[in-house]
Structure formats: C-alpha cells, structure tokens
2 protein chains.
Amino acid sequence: MLDHDNRDDAATELGWQAQKSAATRNAILDSAISCIVEHGYRGATTTAIAQKAGLSRGAMLHHFPSKLDIVRGAVEHLHKKRLKAFRKAMTRSSEGGQDRVLLGVDAFFDHVRHPLFVAFLELSVAARTDPELAGILKPTAEAFEREWYQTAKEVFPEWQGRDEQFDIALDLSRYVMEGLAISSLTHRGGDRDRRVLRYLADKLHELRDA
Amino acid sequence: MLDHDNRDDAATELGWQAQKSAATRNAILDSAISCIVEHGYRGATTTAIAQKAGLSRGAMLHHFPSKLDIVRGAVEHLHKKRLKAFRKAMTRSSEGGQDRVLLGVDAFFDHVRHPLFVAFLELSVAARTDPELAGILKPTAEAFEREWYQTAKEVFPEWQGRDEQFDIALDLSRYVMEGLAISSLTHRGGDRDRRVLRYLADKLHELRDA
DNA sequence: ATTGAAACCGACAGCGCTGACTGTTACTTT
DNA sequence: AAAGTAACAGTCAGCGCTGTCGGTTTCAAT
C-alpha cells in the first residue's frame, strides 16, 4: 500500500501530477517575469504569459485563478531568484582572493544590469500607482532588503566593528548602482560610468581602511 | 487693413481664438503630466486627461488628434518645466552665500523628489518597452542632460579648470540622487539616507578642494 | 474496469480604451 | 450680413484584456 514506488527519489516522491503541476507553475512564473521584462508590468497580459509558458489561458487560470495570483507568485519567485543570484555572485567574488572590494563592486554592477533587477524596477514603478501590487510587493521587498543586508555582512567580515562605515558603504554602493541602472535605460553610459565606478571603489577602500 | 487693432499688446496680438487655444493646450499638457504622475504612463488614458483638463474627449482630440500627439507635447512640456525648475533651484541656492555645495545638494535632492521627476521616471521606464515613446523621449532626454550639465557648470564657476573632478562630482551626485529617489518608492528612507547625503556632500567638498 | 479528480483547452460575455464621426456654438473675415 | 473657420460636445464601432464556464484528456484509487 505504501511500499512500492516512493521513498527513494525526492522528485518522484510527490507523484506525477503534483510533479507536473509544480513544473508548469514554475514555467508560468518564469514566463510572467520574462513578460514583465519584455513588455513592462502593464503589458504583461495573461495571454502573453500563457503563450510564452506554452499553454492555453484556460490551463493557466486553472493553476492561478486570477492575474493577481500570478503576480503574487511571480513576486515571490522573483524575490527568491534575485536573492540566490546575489548570494552566488557575492560569494564567488569573495573567493577570488584579490581585491574583494573591487570584485564586489563588479558583482553588484552585474546584479543591477541583470533582467531580474529590471523586473523588480518595473514592479516598483508600477506599484507606485497600483495599491494592490504595492500590497504584494512591499513586504517582499523589505524582506529582500533585510536578507541582502545580512548577506553582505556575512560576505565582508573584514568590516567587523566598523558598522557605521559599512552601512554608508552599502547604501552608497546601492544608490550609485541603482541610479546608474535607471540612467542606462535612457542614455548609453560609457567612460564616464566606468570613472564613477572606479571612484566608488576608491571611496569604499577608504571607508574600510579609515 | 493692417492698422486697426493689433501691434499694441503682446497677449491680444494673437487674437482671442489663438490665445484660448494656447491656454487649453497648456491645460491639456499639464493634465497629461498630472495623470502620468497619478496613474502611471499606461494609466494616463485620454479619458482621464480630458476630464482633469476640464473638457470633453472630443474637444481634446481636436487639439491633439491622437494620444501620441499628446505624449509628444507632454514630453516637450515636461522638459521645459523641469529645466526651468532646476535652473531656478540652482541659481537660488547659489545666492545664499554660505556653503554652496551643501545648498546645491539640497536643491538637487528636492529636484528628484519633485513630481516632475516622477513623471520623467515613469516615462523612462515605460519607454523601455514602448519603442514609439522611446523615439519621442530619447532626443528630449539627451537635450535635457546637455542643458542640465551646462547649467551646473554656470552655477558653479569655482570648479573652473577642474573638469575631471567636476564631471565625477556631477555624475556621482546624479546617480546617488536618482538611486535614492527610486529606492524611496518602496522603502521609507530615514536617517540612513540623510547620512549618505552628508557623506556625499563631504566627498563633493573633497573633490572641489583636492 | 470504473469512478473521481486534476491538468488542460476553447468559447463566451463584460469592460475600458482608442479613434472616427456628426452636430453645435462662438469667433473671424470680407 | 453671410460665409467660413475654429473650439467644443456626444455617440459609435473596433479592439484587447480579463474572468467564467462547459468540455476533453490524462492520471490515481478501489
């Protein structure tokens, strides 16, 4: 009765249906994020999401009864992926034993140029004029920020005891990076952007060694 | 034939109709910007714009045949208003003879917290996924940046001859400010933001006196 | 094998937005 | 005074998006 085909594989443990269900749910949420990146939040229609996910609208609305449910799931999904990517980039940058600050700056810069950040930006802007979305996004964004802060602290233990400088370094980096990211939406940043990043890295060194 | 009622008043010189036409055109463009701030770019429908401007949709479509025409006008309108506000704030800050850098930082910070900047941000983000809007916005944004740069140079003549430091100071300020502005869409910036601004002002002093 | 449920599809009605059209009033020209 | 033009209003059809509903196939349980 309960002995013949489970308990050996973490994947099949759930049974075929549940497994497939989880797979299509993931496909839908990935598609939703892609569509937000590609068409903007308001342009990410259920039709487009279903099409890119490879199923019919009816099927999709079986997994997520309404568009708001998709958004809820997508925001959560995005949060996890973004945090994971950030962790990976940061820990990898901490392994190359050279200039950890410089590597961190590069990793962070890649982070804000990544499509996942674009999706988050799109959601943030849309949430400003969409109370329902704001209600979904706000707690998740706050959680992200906390975990992001925690991760940064773990990756850079050499700032131990210099809390104030570290906070300033983090905030400064974040604002410069995000400002750079949105500005690069309209204008093509070339040498001047690189110069600012070099200056930023310089100041981060100062803050660490001060 | 050409002697009886013009040539005396700059306002009536245009005649009643042309004058009223210009007034309603302005009202429409103001309303468009307001609606973008209030409902986002995609939410700024012709219905909402006409209503807030105080006329019927039909009347509005007499002045601007299509929505794209409204957008064209609004972008231009926004550009002028933003530049004017920036100039005013900057020159005013340069008059108070105390710490010009600090006053400039404050003025700039006010600038990115102003609704006009929100409108511009909304347009920038929307333009990422809307080629038609991008075609309208891009040249105007580039012009704004050039004139903005020029104004800054005029207002702060004491940086004369320190071009590289000045460019870094400007870019740094801009990215920090804009990053701060978009971050404040989601999270409530309190003391930490003030601390970063103080740090920024500090570094600007360094750049000037280095 | 049969019953039940879950994944999936296609069609439908409702709604908001856009742009085109006709009609009305006020001003301008000769 | 009459003809012409500009400002304005209201209605209409077309289109895309959302959410609901009935129908079909595939898996799971007895």
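Chain identifiers are assigned alphabetically (A, B, ...) following the order of the sequence lines, protein sequences preceding nucleic acid strands; residue numbering begins at 1 within each chain.
The shortest side-chain heavy-atom distance between A:Val37 and A:Ser34 does not fall under the 4.5 Å cut-off. Using a 4.5 Å heavy-atom cutoff, the side chains of A:Phe64 and A:Arg25 are in contact.
Less than 4.0 Å separates DNA chain C from no heavy atom of any residue of residues 28-38 of chain B.
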Pair up each side-chain donor or acceptor in residues 70-86 of chain B with any protein partner under 3.5 Å, not counting sequence neighbours, and list the distances.
| from | atom 1 | to | atom 2 | distance (Å) |
| --- | --- | --- | --- | --- |
| B:His77 | NE2 | B:Asp30 | OD1 | 2.9 |
| B:Lys81 | NZ | B:Asp30 | OD1 | 3.0 |

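The side chain of B:Ser21 contributes an N or O atom lying less than 4.0 Å from OP1 or OP2 of D:dA7. Here B:His62 reaches the OP1 or OP2 of D:dA7: one of its side-chain N or O atoms lies under 4.0 Å away.
A pairwise comparison of heavy atoms in A:Ala126 and A:Leu133 identifies CB-CD2, 3.7 Å as the closest pair.
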Using a cutoff of under 3.5 Å, can you pull out all pairs of nitrogen or oxygen atoms linking the protein to nucleotides 11-18 of chain D, with atom names and distances?
| from | atom 1 | to | atom 2 | distance (Å) |
| --- | --- | --- | --- | --- |
| D:dT18 | OP1 | A:Lys67 | NZ | 2.8 |
| D:dT18 | OP2 | A:Thr46 | N | 2.8 |
| D:dT18 | OP2 | A:Thr46 | OG1 | 2.6 |

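If you measure from atom NE2 of A:His63 to atom C1' of D:dT20, you get 17 Å, rounded to the nearest angstrom. Summarising the geometry, the separation between CZ on B:Phe64 and P on D:dA7 is reported as 11 Å, rounded to the nearest angstrom. The nearest whole Å value for the distance from the CG atom in B:Asp69 to the C1' atom in C:dT18 is 13 Å. For the pair B:Gln19 CD and D:dA6 C1', the computed distance is 15 Å after rounding to whole Å.
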